[in-house]
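Below, each value reflects all heavy atoms present in this structure, side chains not excepted, and no hydrogens, waters or symmetry copies. By convention here, the first residue in the shown sequence is residue 1.
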Amino acid sequence: MNNVKHCPNCGCELDIDNEFCSECGYDLRNNVSLEQKNTPLSFFDNMTQKTCFPIIVYSFIVFGIFLFVGSIIWSSIMANGSIDFLTYIILTITFSVFFAGIFLGYFGCNNQSYILPNFLVHMGCVYSVVLCVIGLIFTFLMGIFGMLSSIFPSGGSNPAYPGASQSIASNYVPSFDLSGYLKIFILILVIPVASYLGIYLGYFLKENI
């Protein structure tokens with residue numbers, strides 16, 4: 001069995017267990033062959049190499065902590081009537097994603113090329129969690145509505161007052177408020193912005209502090 005290897009930097013012969021070159025100090029732990037260096041990584045290989053699953057998990061723990069803290073802060077402001085419920089949701093989630101991104105950028109990015117892969121994985125996880133929660137809430141509410149409709153079936157229109165029901169129906173005009181949809185659209189846009197800024201700020205703090 002071959003128990004020697006050569007340093008790719010200076011060519012010095014080394015033991016197979018050496019982590020650093022004894023001549024030039026080259027770090028052999030991340031050593032790859034020349035062919036591997038010249039072969040571009042695929043998208044998923046690059047993502048796998050530059051992301052760390054435990055750091056992603058810990059970032060979601062940080063996300064949960066700041067989700068709790070943010071819910072207390074913004075709910076107190078909402079209680080004063082300064083913001084409505086949808087604004088409260090936007091501020092709370094943005095607050096949480098931003099600080100989770102700072103944690104991920106500080107501990108998960110070794111250099112600037114790690115920012116984008118970690119951002120993409122982070123966003124994929126965030127949107128997966130959000131969609132799962134929305135799906136669970138929708139399923140739960142549909143089950144409740146189905147149960148209530150079976151217990152309290154809706155009756156037909158009262159035949160004794162046909163004119164009154166027709167006048168009410170003719171005077172009813174459904175309202176269509178765009179502000180709620182606009183705020184949901186803003187939330188969808190602001191989550192990736194907050195995540196990327198948080199990751200970049202975390203990496204910046206790591207490099208400069």
Side-chain angles (χ1 to χ4, degrees), residues 51-109 114-154 168-169 171-206 208-209:
T51 53
C52 181
F53 183 73
I55 300 297
I56 299 289
V57 173
Y58 290 139
S59 72
F60 272 89
I61 295 175
V62 174
F63 174 82
I65 294 172
F66 280 96
L67 192 67
F68 175 74
V69 174
S71 64
I72 295 175
I73 295 174
W74 303 119
S75 61
S76 63
I77 298 175
M78 185 177 67
N80 297 329
S82 303
I83 58 175
D84 58 8
F85 180 72
L86 279 177
T87 306
Y88 157 77
I89 294 294
I90 293 173
L91 292 174
T92 303
I93 295 179
T94 304
F95 182 80
S96 308
V97 169
F98 178 73
F99 282 96
I102 291 177
F103 177 89
L104 182 58
Y106 190 89
F107 292 100
C109 296
Y114 281 66
I115 294 177
L116 183 59
N118 281 280
F119 164 73
L120 294 176
V121 173
H122 192 230
M123 277 298 88
C125 294
V126 168
Y127 281 124
S128 297
V129 170
V130 170
L131 290 175
C132 287
V133 171
I134 292 175
L136 289 174
I137 293 175
F138 179 78
T139 304
F140 175 77
L141 292 178
M142 291 301 294
I144 294 295
F145 291 151
M147 182 180 65
L148 292 177
S149 63
S150 62
I151 296 175
F152 306 103
S154 59
I168 294 174
N171 292 330
Y172 175 74
V173 178
S175 61
F176 187 72
D177 186 12
L178 289 176
S179 62
Y181 295 100
L182 179 61
K183 288 179 180 179
I184 294 174
F185 180 72
I186 291 174
L187 175 63
I188 295 173
L189 291 180
V190 81
I191 287 178
V193 173
S195 175
Y196 188 85
L197 290 177
I199 293 173
Y200 189 87
L201 179 59
Y203 169 73
F204 179 82
L205 293 175
K206 177 181 180 179
N208 294 276
I209 295 180

**Asked** Any chance CE of M147 has more than 12 other-residue heavy atoms, nucleotides or ligands included, within less than 6.0 Å?
**Response** yes
Which of L205, I199, L197 passes side-chain contact (heavy atoms from CB on, under 4.5 Å) with L201? It is L205
Across all chains, not counting sequence neighbours, the salt bridge (charged side-chain N to carboxylate O under 4.0 Å, His left out) partners of K183 are D84
Heavy-atom closest pair (K206 atom, Y106 atom, distance to 0.1 Å) is CD-O, 2.9 Å
One should read off an interatomic distance between S82 OG and Y88 OH, to the nearest 0.5 angstrom, of 14.5 Å
Rounded to the nearest 0.5 Å, the OH atom of Y200 sits from the CZ atom of F119 at a distance of 14.5 Å
Q: Dump the intermediate steps for side-chain contact (heavy atoms from CB on, under 4.5 Å) on T87 and L91, then the final yes or no.
A: CA-CA 6 Å; T87 306; L91 292 174; 4.0 Å; yes
Donor-acceptor pairs are to be reported for all side-chain atoms of residues 55-73 against protein atoms at under 3.5 Å, with residues two or more places apart or in another chain.
residue : atom : partner : partner atom : Å
S59     : OG   : I56     : O            : 2.5
S71     : OG   : L67     : O            : 3.2
S71     : OG   : F68     : O            : 2.6

M123 and P192 have their tightest heavy-atom pair at SD-CA, 3.3 Å
| task | Answer yes or no: does atom OH of Y127 have more than 12 heavy-atom neighbours from other residues, nucleotides or ligands under 6.0 Å? | result | yes
How about F95 and F99: are their ring centres within less than 6.0 Å of each other? yes
G124 and S128 have their tightest heavy-atom pair at O-OG, 2.7 Å
A194 and T94 have their tightest heavy-atom pair at CB-CG2, 3.7 Å
One should read off an interatomic distance between F107 CZ and N118 CG, to the nearest 0.5 angstrom, of 13.5 Å
Heavy-atom nearest pair, H122 first then V97, reads CE1-O, 4.2 Å
CD1 (I83) and OG (S75) are apart, to the nearest 0.5 Å, by 8.5 Å
When rounded to the nearest 0.5 Å, the distance separating CZ of F145 from CZ of F140 is 10.0 Å
Rounded to the nearest 0.5 angstrom, the CD1-CD1 distance for I186 and I90 is 5.5 Å
Is there side-chain contact between F53 and V121, with at least one heavy-atom pair below 4.5 Å?
no
Worksheet item: Ignoring hydrogens and geometry, is there a side-chain-to-backbone donor-acceptor pair from Y196 to I115 under 3.5 Å?
Response: no
